Amino acid sequence: MTTAYITHPSTEQHKISENHPECPERIWAIHDALIGSRLMDLLLPITAAPAQRAQLELAHGKDYVDFIFAAQPTADQPVQIDPDTAMNTHTLEAALHAAGAVALAVDKVMAGEINNAFCAVRPPGHHAERNRGMGFCIFNSIAVGAYQALEKHQLSRVAIVDFDVHHGNGSEDIFQDEARVLFCSSYQHPFYPYSGGANVENRRLNIPLTSGTASQQFREAYEQHCFPTLEAFKPELILISAGFDAHTADPLASLCLDEADFAWVTAQLMQIAAKNADGKIVSSLEGGYELGALGRSAAAHVKELLGAAAKPSE
Ligand SMILES: [Zn+2]
């Protein structure tokens, strides 16, 4: 079992503003937690390559990609993309490598070089719509990865599971007319970004969760809705929008999950992937803003991705 840990130095240089919760320290927290838990030694480290324009333009409109390339500031004066999202001089490079990390992970999983991967990248991506960046997101990295699987590797059934506390409006928007992608998102509702369309069989499963939802209700929702839908879809590849801001300690939201819940949902997805997709999973970081909880949650997630490699005594 080989699990890759894919990142890039630029991911630690993109910054929205001083004291912004979507900060470089998030990557350090994950890195430190993986070292502290001795999981890092078990991972295959890979440096991300930048996404190419052609890859971006499968998920995003050409005009939007042009806009982001043109918006890149040249001096150290941030450029505001939306009220929550800004670019500094490193943002374009970081966003290109975030999307490129997921595409590279898909290539390596499809080639059988690795079993699965965790991409420790930022900016996050799942709020980025086809023609609009928002909610700390510039390019939709998980969508770029999905298109890599559909177009380069000719898959016909790719599932995206998004357990970030916020609805993945960007992924829903990008794949609204794409029959080859099942998008499944659980999220606090009503809450930012106040999106989430009606469910569509084999295409879209939205699972709204009320404020205060804790472990048991979360797990029941996945057992009743997400897992049966995934099993019926029979994905050839599972992509995970891995946001850890549904953690009870997170300052931005009000769900009450903990590390064990992220481990549980990962283990369940591993089983479904083993049965349908020869174990192929690519996970990419989305939210998670309480640094300690983020580190522990990401480590719990990665430990499950490692499977037996991280549990030699079991
Ligand atoms: Zn989030």
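Only a predicted model underlies this, so the values are computations on that prediction, with no experimental measurement involved. Order of appearance sets the numbers: ligands from 1, and atoms from 1 within every ligand. The chain is numbered in sequence order, starting from 1.
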A.B. asks: Please find the N/O/S atom of D164 nearest to the Zn ion (ligand 1) and write down its name.
C.D. replies: OD1
A.B. asks: For the Zn ion (ligand 1), find the closest N/O/S atom on H166 and give its atom name.
C.D. replies: ND1
A.B. asks: Exactly one of H247, H301, K303 should register a side chain to side chain donor-acceptor pair (under 3.5 Å) with E259. Which one does?
C.D. replies: H247
A.B. asks: Test the R53-F69 pair against the cation-pi criterion, namely NZ or CZ under 6.0 angstrom from the six-membered ring centroid and within 45° of the ring axis.
C.D. replies: yes
A.B. asks: Determine whether L209 and Y187 make a side-chain contact, defined as any pair of heavy atoms from C-beta on separated by less than 4.5 Å.
C.D. replies: no
A.B. asks: Do you see a donor-acceptor pair shorter than 3.5 Å between the side chains of Q216 and E220?
C.D. replies: yes
A.B. asks: Considering only N, O or S atoms, which atom of D245 is nearest to the Zn ion (ligand 1)?
C.D. replies: OD2
